[in-house]
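Bear in mind the structure is a predicted one, so any value in this text is a computation, not a measurement. Here is the naming used below: chain letters follow the sequence lines, and residue numbers restart at 1 for every chain.
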Amino acid sequence: MKLTVRVWRQKNARREGRFAEYEVQDASPDMSFLEMLDVLNERLIRQGEEPIHFDSDCREGICGMCSCVINGEAHGPESQVTTCQTYMRSFKDGDVITVEPFRAMAFPLIKDLVVDRSALDRIIQAGGFISVTTGSAPEANSIPVSKYHSDLAMDAAACIGCGACVAACKNASANLFVAAKVAHLNLLPQGGPEKDPRVLGMVEAMTSEGFGACSVTGSCEAVCPKGIPTSFISRMNHNFLTAALKLRVHGPRG
Amino acid sequence: MKLNANIPAGPLTQKWTTHKHEIRLVNPANKRKYDIIVVGTGLAGASAAATLGELGYNVKSFCVQDSARRAHSVAAQGGINAAKNYRNDGDNVYRLFYDTLKGGDFRAREANVYRLAEVSVNVIDQATAQGVPFAREYSGYLATRSFGGAQVSRTFYARGQTGQQLLLGAYQALMAQVSAGTVKVFPRSEMLELIVVNGHAKGIVVRDLIGGKISSVMADAVVLATGGYSNVFHLTTSGGASNVTALWRAHRQGALFANPCFTQIHPTCIPVSGDYQSKLTLMSESLRNDGRVWVPKNGGDKRPADQVPDNERDYYLERMYPAYGNLVPRDIASRAAKRVCDEGRGVGPGGRGVFLDFRDAIKRFGEDVVRERYGNLFEMYHEITNENAYKTPMRIYPAVHYAMGGLWVDYNLMSNLPGLFVVGEANFSDHGANRLGASALMQGLSDGYFILPYTIGNYLAQNQVKRPSTDVSEAKRAEQAVTERLNKLLSIPGKRTPADFHKHLGRILWDHCGMARTEAGLQQAKQEIAALREEFWRNVIVPGSHDDLNMALERAGRVADFLEMGELLCLDALERRESCGCHFRTEFQTPEGECLRNDAEYAYVAAWEFGGDGKPAVLHKEPLVYEEAHMAQRSYK
Ligand SMILES: Cc1cc2nc3c(=O)[nH]c(=O)nc-3n(C[C@H](O)[C@H](O)[C@H](O)COP(=O)(O)OP(=O)(O)OC[C@H]3O[C@@H](n4cnc5c(N)ncnc54)[C@H](O)[C@@H]3O)c2cc1C
Ligand code: FES
């Protein structure tokens, strides 16, 4: 396949960026999108030019590291796949492909297609965990969990933290990411005791990190590589309201 | 050098308990006076850093990815073993211990493996309490499944994402400690040197990958949890950033490298499709629970799978190993696949593939059940190959997957360099010459949650020297060496890219040091690697600078270390003139083509000391003395 790739190039956060165009002569339909960029990068390096910087690690759709907007869509044209699991068979010979970074105020650009998503880590630090000191756990089967709740918690826990939901949202909201973690932990009996501070803390962190409000367009669900549904957002809103009310009635100590 | 494994005295079943009573503790009020560096945030590193933080130590945690949650542990699919015996099928600590020791072809340290099996049950409790959504039965209790090399069902799993879910558990515990102020995480930071002061590991040199800043970080102890080095083979199931740099730099500073030739080839990966390929994708071993492996009986049979009648199919694993069938350990399944392909019976492009067929499972349980068990793996297979495995069998072929070898550690998980601890896949660990499926996650978390946090206290309590400052000459020299090396890499006016060298190295190793190894082939590989390394330092091209994000430079540094380590791998394979587990020397095989071990001469851990640039490494041997188990000939027939 012959392709034209228009890529966002920006040396670092301090410099201005622009699109650069490259011809790729020898793409194969069985290549992954990132392997196509690898081939292009090999050529650039041989010419003494800096390669196009993009993030990736596992290249099997699970680590959440890859993060490109391809032809305007976070993670590209196929639904429920990451950039690294996008294959060139999804494109046609002669296509012009535009590649951009995940753009959001809370994701400052580092270089080319690489952005800083550490805001997501900070949201987790604000309550996205169950406090159980190593060694204090009870025997695993001492708390049965219904298969329904456990499966639902797993559906939410499948989030890979890539941030595509943010990149796709016109408000750059991280609602789906936060909702998935809140649901994962709040659905399980083990997560019960910290249910309220968790949702309050995480939502507050999301706002202070500069993520916008929910745009209610569902664009997040549409690009989510793991198909996390927006119904988790409704669940989070419900959790949040209950927790906020309790806080008003009973004060911070519940 | 005398290697002392520091195995506690007493009966095997009591060693760990006794040891925990006997080792020294650090007073809780004093813990915050100690700084501990943990390099790596995979299962081993994240669990260790979080637990050390909970105990009150000051922890600094480093990783190369942009978030701790993305360490390559995230990719583990299949499951984690534990001797819970929830199925009442005869499992217990001793059986898990023995299966692991036998699976490793009796080349692991007995006392460590027993402790691992013992601690395994706590790992499941801990993870469940953290909210890891393990698969459950309708009763609400935890589900298990079977994995290779075991006749009991002891593998816990979370859909096809066991690694990601366990890692999230550990990562979330880590984030909780960050918010508690005990741990500071430095993502996108690469350790490029170990700092040794008066013989003790006291710090590391790191490069901030974004701004390029090189700095020393000092501590009272250093923990390496940097994962495996299998990427030395280039095409593997590991993530792109997996590397040997941290281990190799420590090795060059005096840490012994143990059993580097014990590398595992996983039988069920998606075959290579082209020269541009950047990695190989594993199809979880759990698929062998329900998938049946076969090739056509006759070579050159090009009919589509569904047109080959049953009597013309060779379900070779079931035929050769009736007792374990499709669930034989990985080394055996991989070699069998190679053998049938060498006979010309392989399927798919180039004839390097075998079928993994779900037809019978779908017939027996229905497509829904198969989808429920393996849905995401089938999807992943479809994304990569564009084939529907519910309709046509998967094509699979072995690929490099795991490194059993790693830095030598004693029973306390401390290397021969005092103060340097090594956990997870990075140590030479508990898996001998072959790791059983679902045992790496178990080991990483056992090391990090339940073993290291005790044993590191023992070291700290006994070595109350003041932590050196970053001004000591050892730190300055290390920083300078790192900078010089980066400058050197950037200044070579070469023509070949780092990735190209990496690919070339991988080809040499795969051809001569892969599933079958010979004396002549290994000699040749050693020479070719030395020549390639020499070429690298005059013909590599690395654009850009080192004061900016520069992924070509990162890659070049890692490849440079692989080029040194690869040679040691071949040397170790050469010196081990026996076959055991994944190390198959064609000269040493039974009449049936199985491994022929030589316990009289090779029942030892090969621990290599760096001999200096251009000088051969020096071999030290830790004899494997078994107090309880008996080194038997492995049989899965
Ligand atoms: C595809 C796949 C599937 C698997 N499935 C299973 C399974 O089902 N069951 C099972 O038991 N095992 C499985 N394994 C094996 C298991 O996942 C690994 O052995 C284990 O997770 C390794 O954990 P770790 O913590 O030792 O290292 P890793 O998770 O690899 O973490 C390494 C860490 O070190 C950091 N690092 C590395 N070098 C440096 C450096 N120089 N400076 C700073 N940081 C550095 C990395 O950033 C990372 O944080 C699988 C492995 C793969 C590849
Ligand atoms: S590189 Fe890991 S999800 Fe894409």
Side-chain angles (χ1 to χ4, degrees), chain A residues 11-12 28 30-31 34-35 38-39 42 45-46 48-51 53 55-65 81 85 87 89 110-111 114 117-118 120-121 124-126 128-134 137-141 144-147 150 153-154 157-158 160-161 184-185 188 190-191, chain B residues 50-51 54 65-70 72 74-75 84 86 124-126 128-131 133 136-142 158-159 161 164-165 168 172-173 175-176 178-179 187 210 239-241 273-274 276-279 281 380 383 386 449-450 453 495 497 499-500 541 543-544 548-549 551-552:
Chain A
K11 189 152 171 50
N12 53 41
S28 135
D30 289 329
M31 270 179 181
L34 295 182
E35 284 167 349
D38 287 341
V39 170
E42 285 292 285
I45 298 177
R46 275 196 302 272
E49 289 173 45
E50 278 209 65
H53 278 66
D55 268 329
S56 78
D57 193 43
C58 74
R59 300 229 176 166
E60 50 184 75
I62 191 72
C63 74
M65 186 107 179
V81 296
Q85 292 296 80
Y87 281 76
R89 63 180 87 91
I110 295 172
K111 180 171 186 156
V114 178
R117 288 168 287 185
S118 53
L120 300 180
D121 287 333
I124 299 295
Q125 287 157 23
F129 48 79
I130 291 174
S131 308
V132 50
T133 314
T134 303
E139 209 289 327
N141 258 351
V145 183
S146 79
K147 183 161 162 50
S150 149
M154 179 65 228
I160 59 174
H184 161 205
L185 299 177
L188 296 170
Q190 289 84 355
Chain B
T51 305
E54 285 167 13
Q65 287 84 5
D66 72 329
S67 165
R69 65 180 288 161
R70 307 202 205 283
H72 199 59
V74 77
K84 282 286 198 186
Y86 285 161
I124 301 302
D125 296 343
Q126 185 64 26
T128 305
Q130 288 168 341
R136 289 180 184 265
E137 308 288 357
Y138 281 101
S139 59
Y141 293 101
L142 294 170
R159 238 166 253 172
Q161 306 186 351
Q164 137 127 319
Q165 295 311 321
L168 287 177
Q172 285 162 199
M175 291 300 109
V178 171
S179 78
I210 297 176
S273 71
Y276 47 78
Q277 195 137 355
S278 55
K279 76 148 324 184
T281 303
M380 195 194 281
E383 279 156 19
N386 209 19
Y449 285 133
F450 298 109
K495 291 201 165 51
T497 64
D500 191 34
I541 175 165
D548 212 351
L549 180 62
M551 291 182 179

#### Entry: Under 4.5 Å from any heavy atom of chain B - which part of A:V132
both
### Task
Among A:S131, A:A157, A:S146, A:G191, single out the residue with the greatest number of heavy-atom pairs under 4.5 Å to chain B.
A:A157
### Task
Check each atom of B:Q165 against the heavy atoms of chain A and say whether the ones under 4.5 Å are side chain, backbone, both or neither.
side chain
### Query
Which of the residues A:K11, A:R46, A:E50, A:E35 is involved in the greatest number of heavy-atom pairs with chain B at under 4.5 angstrom?
A:E35
### Query
Quick one: salt bridge (charged side-chain N to carboxylate O under 4.0 Å, His left out) partners of A:E139, sequence neighbours excluded?
B:K84
### Task
Identify which part of A:T133 has an atom lying under 4.5 Å from any heavy atom of chain B, answering side chain, backbone, both or neither.
both
## Note on the structure
Ranking B:D66, B:I124, B:T281, B:T51 by heavy-atom pairs under 4.5 Å to chain A gives rank one to B:D66
### Message
Would you say OH of B:Y86 has more than 12 non-hydrogen atoms from neighbouring residues, nucleotides or ligands within 6.0 angstrom?
### Response
yes
### Query
Counting heavy-atom pairs under 4.5 Å to chain B, which of A:R59, A:Q125, A:E49 comes out on top?
A:Q125
## Note on the structure
Contacts of B:S67 meeting side chain to side chain contact (heavy atoms under 4.5 Å, CB included) (sequence neighbours excluded), chain-then-number -> A:D121, B:R69, B:R70, B:Y171
### Segment of A:I45 engaging chain B (4.5 angstrom heavy-atom cut-off)
both
#### Entry: Nearest atoms (heavy-atom pairs only) where B:L142 meets A:A140
CD1-CB, 3.6 Å
